[in-house]
Each structure stands twice: as C-alpha cells, then as structure tokens.
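Heads up: the structure comes next, in structure tokens.
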Amino acid sequence: MKVFNSYIGRPMERVEDLRMVRGRGTYVADVNRPNQLYAVILRSSTAHGIIKSIDSSEALALAGVHHVLTAKDLGNEVPLIPLRLQPLPQLEPFHQPVLADKKVRYVGEPIAVVIAESAAIAEDALERIALEIDPLPAVATRAQAEAKRSVLFEGHGSNVAITWKAFRGDADEAFKTADYVRRETFRVQRHAAMFMEPRGFVAEWDEAAGKLTVWGAAKTAWYNRRTLAAQLGLELEAVDLIEVDVGGGFGSRGEFYPEDYLIPAAARIVGRPVKWTEDRREHIMSANHARDVECDVEFAATRDGRFIGLRGQIWSDIGAYIRTNGSVGPRNVAQYMSGPYCMEHIDLKSSMLTTNKTPCGTYRGPGRYETDFIRERMIDLAAQDLKIDRVELRRRNLVADAQMPYTLASITPYDSSTELDSGDYHAVFDRCLKEFGWEERSKLRGQSIDGYYHGLAIGSFIEGGAAGPKEEVRLVLETDGALSVYMGSSSVGQGLETIMAQIAADAMEIPYEKITILHGSTSYVKDGYGAYHSRSTVMGGSAILLGAEKLKELIQQTAAQRLGCKSEEVVIDGEQASFGGNHIAFAGLSETPLEVEAAFFNKKYTWAYGTQAAHVAVDPGTGHVKVIDVMSVEDVGRMINPLTLHGQAIGSIVQGLGGAFLEHLVYDDEGQLLTGSFADYLMPTASDFPSIRSVTLELKPCPNNPLGAKGAGEGGLIPIGGLMANAVADALSHLNVQPMELPLSPPRIWQLVEEAEAARARA
Amino acid sequence: MQIEFNLNGQAVSADVEPRTTLADCIRNDFGQTGTHLACEHGVCGACTVLVNGEAVRSCLLLAVQVQNDKVVTIEGLSGDELTPLQAAFRKHHALQCGFCTPGFITTAHALLSHEPDADEDRIRDVLSGNLCRCSGYVPIVEAVLEARSSYRDSGSK
Ligand code: FES
Ligand code: FES
C-alpha cells in the first residue's frame, strides 16, 4: 500500500530551534564584515523646530571618526520614503525624509550619522556635534492638532492628513428610525510592537563590482530593494538585501525606515562596510508606534437586539510623517468595525492626524485591536441598555454560514473591497462558551472573593490574512536528491522554515529532513513579497504546491529520456521515478540540479475567525486586575503545524494583554517621550498572565487557495482589549464602572471606581 | 586593561577598555554571539550568562569585573547534543524568534541547578526577570517544568 507523507497537520518540532537554543543563530548584530566601521545616529531631542545649524567639525576632529553625514551631503533633494501600501498621491506631502531636512518633527528623528572605527568612538563624536534648533510649539494631542497650535506641514495648512470613509447602506436614514442609539467616545493608547531584537544593518559597497549588499533585511526585502536602488540611483541587480535570523517583527520590523537608506548610503560614501545596531531607547523613539486612536461613534439596534448600524468619527494619530504602511491601521479601524457581525448601515470617518510624535505603522492586528475594543464595548453597553443577555445578543448578530460570502464596508479613498469568505461563526462561538465553562463560571459574576470582584466577558473577531498579489518560489532538486526551496516569503521568527518544509515534503513526497528552506533574501527569487498580513503560509505555501507540480513534470521529462517512455507514463513515488519495473532514484537522476520557478497569485483575503472568553477579578481598592482565564477558539481552515500555530495564538493573546493593561508610550504636551526604556514601558512578564488557553479548529477550509488555509497568528490579540474592558465592567457592575479607554492600568480603574462611588453618593 | 577569565571551559585573556561590558567583550572579543543584547539597561535578561554558576546580566557587568571568574554562556551549556533543558524548549515550542532564548535558558539553568524542585510559581517568579515578546511565556514555563527531572537525576551541575 502506498503511504503518503503527512507532515501537514503534525506538530513538528522546529528546524530553527536546533541553532537557536544553542546560541548558534545569526542575528544581524552577529554579522561582521572585514574592515567594517560603525555608525551611530544623532537624533532630535526637540519635538518640533527649525534646524539653524549643524557643526560637525569637532566630531570630525576626533581620532577614529571617518565621516559625519547630514542632509547637506545628500544633494539638493533629501530622499523621501515612499509608501509601500496605499500609495495615495495626497499623502506625498507627509513622506519622511531620510534625514531631517531644515525642520525636525519628532523626538528621535535622524539628523546626522557619525561613522567611526568603533561604536564607542562614534558615540563620543556624537556629543561633539553642535546642533542649533529653533523650537516651534509642539503638537502632541488631538486638541493641539485641531487647534493648530502648530501646523506640521505648512503647505498643507492643517494637521488632518487625509480622512478615510467606510460606508455601507444608508446610515443616516437607518439611524433616524432606529429603536436604540447610543453614542460614546473611546480611546486606545499609543503602544508598539516592541520586538526583542533591536534593528540593525551591515552594509557593504563593492566599488569594483558596483554592488551593494545589505544584511538585516526582514519582512519586505524585495520592496525595500526597489526603494533603496531607486534612491541610490542603482540598478536593481546591483543591490542585494540579505535576511538573517530575525528577532521578532509583528508588523513593525522590516518596513523601510530612514536607516534602511542611511547605513547603505554611508557604506558607499566611506567605501568600507558599515554596521549599525540601535539601542533600546533609540528603538522606542524611532521604530513605528501604533494604535493611537480616539473616536466618537454611535451604535444603532432594534429593540429586540438586531444590530442596525455604526456611524461616527475616528481620529488616528499617525505621528510626524506617514510611514510605509501608515494608512493600514486608520483604514482598518473604520472598515472592520463591524467585525464578524451583520451590520447593514455604516458611515465611519477615520481622520489621520499629524502630530510631533514618532510616526505610526502597523503592529499585529493593526486597527483591528482598536476597532474590536470599540465594537465589543458598544455591544456590552447595548446589552445592558436593552436588557438582553450579551451572549444571546452576540449570537443573534453573528454572520450566519448561509450569508457567506459576506461583504464588508467599502472604503475610500483607496478601495480595498473584501468579503468574509467562509465560516461557521456560531459553531465557534458555542464551542468557546463550552471550552471556557461559561455557565459554571457565571455563578461567580459580580461576587467578591478575598477583596476581588469577579467578571466575565465574551467577544468574537475576524482576522484578515493572505494579502496578495503574489508570492514566488524556486524549487531545486539537487543532484543528491535533496530539495532546496527558495522563497520570497520571509521569516520574522514565526517558524517559516519548519512550516514550509512540511508543505514541501508532502507535495514532493520527500522526507522532511531532506528539505532546506531558503527565504527572504533578494538573491533567491526574482520578486518576493514577504511576511505581512499573516500571508506567508497561504501565499508562500500555495506557491510551493504550484512549484511542486512543475518540478514533478520536469522530473518526469528528465526520467522519461532515460526510461525510454513518454513523460506522462513516468510514475513518481518514494523519491524515485519509475516506468515498467525500472526505477531511477531522485539522487543521481540528473547531472545538474533540476530547477523550476512558480508564482501563486491571489487577490482575495482569507478570513480566519474566532471567539474568546475571559474571566478576571478586580480589586476596586487598588485597581489591580487578575486575569484568571482566557480561552480562545479560532477556525483557521487548515492547520499546517499545530505546535507553532498554538504558540502564535498564546503569544498573540499575551501581547494583547500587554496593550490592555500595561503598555503605553506616553508623551508630555511638548512632544517629549516619557517612556524611553523598558523600566518605563511595561510589557507582560512570566508572572503576569499564567492562564491562557487556545483551541484551533479546522471547520471551514478557505475556498480561495489550494491549501485551504487562512492566514492566522495575529488573531489572538485582536479582541483582547474589548474583552478585558468588558470583563472589568462586568466585575464592577455593582458600581456601573464603564472603561472607555485603554490601558486598564490600576490608577485608571481606581479612578473609575472613585468616580462611580462619588456618583452613587450623589444619587 | 588586560583581563583573564575562564570562558566556556577555556582560559581566555583580552585587552579591553575599562568601560567595555562583559556582554560586548564576550561578543566582540571572543565572537560568542549567542549572548544577546535587547535593552542594555538590565531589564530584559537577554544577555544573561553564568558567572561562577550564578545568572548575571552581562550588559550590567564590566568585563574587568570577571577577572579569574568562570563564565559560561549559552554556547557553553551543550555540545552537539541538546541538553534536556534545550530539548524541552524545542519540544514545547518555547521559542519563536529565539532572541530571548539564550537568556531564558541560562536563567532557568541556574535556577534548576540550585533548585531542581522549583514549583511553577517559583519558576514564573524567577523568569519574570526576563522578557519574551513572542511566546506568551506559557510554553517556556512548561519547558522548564519538564526539564526539572533531568536536574534532579544528575544532581546540581
Ligand atoms: S540586554 Fe542585558 S538585561 Fe537587557
Ligand atoms: S522568542 Fe522572540 S522574544 Fe522570546
């Protein structure tokens, strides 16, 4: 009997781990080139101001200093960083220059680059640069932005960059006749991906070959190569971006930042390899921030609890410039506010505000985390007002299987129509209630045990994945029978090598151990897209399936010549090609490697979906919240590796809890960042959230790709903010405490309790 | 300044500036890059190494402070075979990007060497000095719990 490979679906231990647990990984800080110099970057400590002068002469006088790069060195036009996503012309005025040009707009903006024999010398030299900046009033809040305390881009005349509009049905008409309308304001605080490995680059310019090589690429190497080559006036082929091990990304790492230009440019100027590694403080003020959103929204429903519509205004603080993917969050908050629920009438505006703060970009579940907080809070408030059980209210409004595909709101000015592709939302909802033990735990609701009040919450979510348009692979059957898979997908620490080897092993019927996955470097395939929007498994994996078909055909053709038969008569089985009792092993089949290229094209997003439930206990005296249990149930269509997927879910949930309770990038009114270290920017630790559970299902395979998989890995975090706020409100329902803002820090909850008690005393 | 110490079983010496941290010395002078730097201000634990068997943050220590000491980094814990602790990390998927991993493994190794019976609360408490952004900690704790038995069997290492 023929036994097929079945690596897909198995909890394979990861290939990557063998090097990483022994300290043998190679991260960019571990890359060194002979004769290299070191760069450090002078950053603005002024939030808003005019650069009067930069005098580097004393820095240059220091022994070991080779060069100080400023905007002046870059000719008449300082290169601007283009948008990778939603490249709208109306956003061009807000593109960031690679070095501050005449004006600084946030604390941390690069002003000059010092290149020296050692990082220590470069740091010493940095202090000798005489910099004169005339400060301007800073814009650090929405109120200041709207009042035009300053206008960041004078030519534009306003701090509103653009406004997105999500629409569906006729909201104004629907709100006129709705039985129930509630209007509220919500706020989600600025926080960030904060991956553990600091960013860095090593760049080397080979003058003789006219070739630039840059180590430290991540996420979108091919796109960044195009940008860098254009900025430096080089041919694409003259630039190679190399991906080494990457210490976490979560949307933020690997986008084109100023340093993506500065370090290669420096290497070209000094003619020696240049290495740069950021420190944590630098990271916190320069890598993308995220999630800084306020809104004023109305929610309408019928008396018997049918959702009707959403309407209102959202403000997304994008910081001082638009980053490569800076529209994604502001767009998603508006377009996906309806989530997994039927909502026929939508009219939501999302304005992008420029402020004197670090620019924002995507962070895992961009816009979705924020919008789910808003929506799920609204639903619980409506349940309370309408006196309908919140579990029942959600069940009544989840999109039903029979309604699929279900079209989400349209969006302008950059259209991205999408529809929920498939799913049994109700089945997952009920499964979550059961796994969580909702009924049993409900007895604890509102009870006080040892001074802590207990509360529960439930919420459903959708998770978009698999952004197109394509992904490329190159499959090579080596002469020894091993398979090399070169991919445009990239790894940011999620276990890509393992997952792709599982897919390739099944597709080619080759043992997993004989497969090597090579990814993320521009020399591997002609055009790659990379790792964002939970796309690698679906896009890269599907491309491998297509490549495997082609490679099998090539193997048949090659073997047919030696077997003396037609190609289609060759049977491929067990690492050999056979015809009429004769077999040729893959090893030795050909004297040269057999190579094919394939690309998978896809324009449709996949929509994984799920439900989460939580149990918390709140001490009203201190505002402290204990997270007693979180249960997440998600349907991903098809699981490649349950072990890594489970890990993604748990990790994502804990990140979400960080955003719900701890993480906050705080600025003062003058645009000074007050949380510039891990001592001030609090993240979850091992003792904070011990009980996190996740169940992954394969109920409804995705109809839009050959694997049937849906992009997953962001999901866990998406509903967490809303879930935690609802659970806290449930625990403190006797006081009618209603959190409308994250994070749910002890002082905030304590203050809400004080206010609620004062209100009760007055009543 | 000239310093001498034992690094992963080898006697080593280097000429370092007084301001050089132990982390930089290990990474730059001896090319042992398994010790990672994520904050350089003593909060994240990525740079944890063992000095005379104690877990210390090599970003906070100066190289000159380990004169004549015994320093073990992640590279020094195993040969080609994974240790039971490393294997447990792999089995439980206690790492994703792997950047924090050397710090967690050295920290857990020091803990279990002294307290092979540490319970879950104690393990969480000790590990709460290290940051991991990827895993959510649940699998790391599972891995350390599982590895306890190997420390009991072999006694304190
Ligand atoms: S790098 Fe040493 S504690 Fe963070
Ligand atoms: S595995 Fe990435 S930080 Fe821990």
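Lettering of chains follows the sequences in order, A, B, ..., and the numbering in each one begins at 1.
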Engaged part of V31(A) at the chain B interface, taking heavy atoms whose separation is under 4.5 Å: neither
Positive for side chain to side chain contact (heavy atoms under 4.5 Å, CB included) with T537(A), one of L645(A), L496(A), I640(A): I640(A)
With a 4.5 Å cut-off on heavy-atom pairs, point out which of D245(A), D279(A), L18(A), I650(A) contacts chain B the most. L18(A)
Which bit of T101(B) comes within less than 4.5 Å of chain A, counting heavy atoms only: side chain, backbone, both or neither? side chain
The interface call for L131(B) against chain A, heavy-atom contacts under 4.5 Å, is both
Interface moiety of D30(A) toward chain B, non-hydrogen atoms closer than 4.5 Å: both
Looking at E497(A) and R19(A), does any basic side-chain N land under 4.0 Å from a carboxylate oxygen? yes
L37(B) versus chain A, the contacting section by heavy-atom distance below 4.5 Å: backbone
Chain A contact via F99(B) - side chain, backbone, both or neither, heavy atoms under 4.5 Å: both
Region of E40(B) in contact with chain A, defined by heavy-atom distances below 4.5 Å: side chain
Which region of A193(A), side chain (C-beta onward) or backbone (N, CA, C, O), has a non-hydrogen atom less than 4.5 Å from a non-hydrogen atom of chain B, or is it both or neither? backbone
Heavy-atom pairs under 4.5 Å with chain B - which of V21(A), D688(A), T277(A) has more of them than the others? V21(A)
Select one option (side chain, backbone, both, neither) describing which atoms of R24(A) are under 4.5 Å from chain B's heavy atoms. side chain
For chain B, the option from S691(A), G658(A), A679(A), S677(A) that forms the most heavy-atom pairs under 4.5 Å: S677(A)
Cut-off 4.5 Å, heavy atoms of chain B, and the answer for F678(A) is both
